[in-house]
Amino acid sequence: MATAGSILRQSLQVAVHLAVCTANMSFAGSSVVSGVKTARKAIEFGKTHVVRPKGRHQATVVWLHGLGDNGASWSQLLETLPLPNIKWICPTAPTRPIALFGGFPSTAWFDVEDLSEDGPDDLEGLDASAAHVAYLLSTEPSDIKLAVGGFSMGAATALYSATCHSLGKYGNGNPYPANLSAVVGLSGWLPCSKTLKSKMEEMKASNSGAGSLPVLLCHGKVDDVVLYKFGEKSSQALRSCGFQDVTFKSYNTLGHYTVPEEMDEVCAWLTSKLGL
């Protein structure tokens with residue numbers, strides 16, 4: 001699959017960048033959706049690519065690319081999937097200075113300072129990107145199921161959106177408006193995992209929809225960019241915080257890229273969870 005190959009090359013370029021800069025990894029974001037206009041003034045998002053459904057439109061999925069990538073590369077891959085009833089929206093992240101790269105600019109959903117469990121979370125950037133996702137979903141018809149997914153940093157942003165949905169608000173306290181039906185994360189991690197459980201308990205998340213929101217996580221065991229343990233721990237953290245429908249799939253020989261076997265899993269899972 002040529003498109004998967006191009007994604008692999010881009011992922012490897014990012015991996016080289018990470019190695020050169022020496023890293024661990026953590027992430028940051030921007031503003032809100034009640035304040036989405038404010039957030040979007042402050043941060044200039046790139047071009048959004050849309051893949052129209054080939055059949056009857058039943059669901060819309062916002063798909064988020066990884067660090068240094070863009071929406072176009074993933075739209076080319078998603079267009080080949082046997083999911084005729086899904087509309088894919090593939091935005092491009094803002095170009096911003098990245099702390100991990102010594103301030104060198106790159107497309108990113110939030111800032112990355114250090115890739116470790118103890119690294120700081122960029123709440124402002126995460127909020128801004130989650131708000132942008134909600135904004136993109138806000139004009140979809142009311143009878144269409146809504147979902148968000150992504151790869152690597154895009155997966156982290158998708159999972160952050162899942163927690164905002166379940167808490168009913170962004171990290172800054174503003175209300176989260178999108179009604180998500182499914183969340184997919186490939187080769188990613190869960191931001192703000194250290195504080196999530198206490199927030200969920202405060203909000204009595206059992207009544208907020210956390211239990212009913214299905215989440216699919218996929219991770220390669222030989223991923224040398226976002227280590228496998230981060231994906232595994234993310235699935236455990238979600239379950240411990242009240243997410244009852246979490247599926248975690250591991251792939252023994254998969255690195256920091258995607259393969260047809262993984263995308264087949266995504267297709268089957270979305271077909272089931274979205275009732276396509």
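What you see is a predicted model, and the numbers here were worked out from it, not measured in a lab. If you read the sequence from its start, that first residue is 1, and numbering goes on from there.
Taking both residues in full, the closest heavy atoms of Cys90 and Leu78 are given as SG-CD1, 3.6 Å, listed atom of the first, atom of the second, then distance. Ala59 approaches Leu274 most closely through the heavy-atom pair CB-CD1, 3.8 Å. Taking both residues in full, the closest heavy atoms of Gly275 and Lys145 are given as N-NZ, 4.3 Å, listed atom of the first, atom of the second, then distance. Minimum interatomic distance between Ala93 and Phe45 (heavy atoms only, all atoms of both residues): CA-CD2, 4.4 Å. Closest approach of Val184 and Trp269 over heavy atoms only: CG2-CZ3, 3.6 Å. Closest approach of Cys192 and Tyr160 over heavy atoms only: SG-CE1, 4.0 Å.
Put simply, CG on Leu83 and SG on Cys267 are 4.0 Å apart, with the number rounded to the nearest 0.5 Å. The structure places CH2 of Trp63 at 8.5 Å from CG of Leu77, a figure rounded to the nearest 0.5 Å. Between atom OG of residue Ser138 and atom NE2 of residue His132 there is a gap of 10.5 Å, rounded to the nearest 0.5 Å. Atom OG1 of Thr60 and atom CG of Leu146 lie 6.5 Å apart (nearest 0.5 Å). Here the straight-line distance linking atom CG of Leu254 with atom CG of Leu186 works out to 9.0 Å at 0.5 Å rounding. The NZ atom of Lys273 lies 12.0 Å from the OG atom of Ser181; values are rounded to the nearest 0.5 Å.
Using a distance-only test at 3.5 Å, with no hydrogens or angles considered, a donor-acceptor pair links the side chain of Ser234 to the main chain of Leu190. No donor-acceptor pair closer than 3.5 Å links the side chain of Asp127 to the backbone N or O of Tyr170. Under the 3.5 Å distance criterion, the side-chain polar atoms of Thr107 are matched with a main-chain donor or acceptor of Asp69. Remark: side-chain polar atoms of Thr48 are not paired, donor with acceptor, to backbone N or O of Pro91 under 3.5 angstrom. Asp224 places no side-chain N or O within 3.5 Å of a backbone atom of Gly255 that could act as its donor or acceptor partner. Between the side chain of Ser272 and the main chain of Ala268, no donor-acceptor pair closer than 3.5 Å is present. The backbone N or O of Ser106 lies less than 3.5 Å from no partner atom in the side chain of Arg96, so there is not a single donor-acceptor pair. With Lys249 contributing its side chain and Val266 its backbone, the two residues share no donor-acceptor pair below 3.5 Å. Without hydrogens or angle criteria, Ser129 side chain to Trp109 main chain gives a donor-acceptor distance under 3.5 Å. Of the possible polar contacts, none joining the Asp121 side chain to the Leu123 backbone as a donor-acceptor pair under 3.5 Å is found.
The aromatic rings of Tyr176 and His165 stand perpendicular to each other, their planes meeting at an angle above 60°, with 30° marking the opposite boundary.
Contact annotation: the side chain of Tyr251 never approaches that of Lys221 to less than 4.5 Å [non-hydrogen atoms, C-beta and beyond]. The shortest side-chain heavy-atom distance between Asn70 and Ser73 falls under the 4.5 Å cut-off. A heavy-atom distance below 4.5 Å is not found between the side chains of Glu261 and Met263. At a threshold of 4.5 Å between non-hydrogen side-chain atoms, the residues Asn85 and Pro53 do not count as touching. Residues Pro94 and Glu44 fail the side-chain proximity criterion, which asks for heavy atoms closer than 4.5 Å. Looking only at side-chain heavy atoms (C-beta outward), Cys164 and Leu167 stay at 4.5 Å or farther from each other. Under the 4.5 Å side-chain criterion, counting only non-hydrogen atoms from C-beta, Leu159 is in contact with Leu238. At least one side-chain heavy atom of Val112 sits less than 4.5 Å from a side-chain heavy atom of Met153.
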CA sep, side-chain torsions, deciding dist, call: Leu213, Ser166, side chain to side chain contact (heavy atoms under 4.5 Å, CB included): CA-CA 8 Å; Leu213 179 63; Ser166 296; 4.3 Å; yes
Decide side chain to side chain contact (heavy atoms under 4.5 Å, CB included) for Ser152 and His256; before the verdict, give the C-alpha distance in whole Å, the side-chain angles of both, and the deciding distance to 0.1 Å. CA-CA 8 Å; Ser152 192; His256 198 65; 3.0 Å; yes
Show, in sequence, the C-alpha distance, side-chain angles and deciding distance for Leu137 and Val62, and conclude whether the side chain to side chain contact (heavy atoms under 4.5 Å, CB included) test is met. CA-CA 8 Å; Leu137 292 171; Val62 172; 3.6 Å; yes
Stepwise side chain to side chain contact (heavy atoms under 4.5 Å, CB included) check, Ile86 with Val51: CA-CA 8 Å; Ile86 289 182; Val51 179; over 6 Å; no
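Inspection of the Thr92 and His65 side chains reveals no N or O donor paired with an N or O acceptor under 3.5 Å.
Note on Ile43: it clusters hydrophobically with Phe104, by side-chain heavy-atom contacts below 4.5 Å among ILVMFWY residues.
Under the salt bridge (Lys or Arg N to Asp or Glu O under 4.0 Å) criterion, Lys87 pairs with Glu140, sequence neighbours left out. Applying the ring-ring contact (aromatic ring centres under 6.0 Å, His included) rule to His219 yields no partners; only residues at least two apart in sequence or on another chain are considered. Under the ring-ring contact (aromatic ring centres under 6.0 Å, His included) criterion, Trp88 pairs with no residue, sequence neighbours left out.
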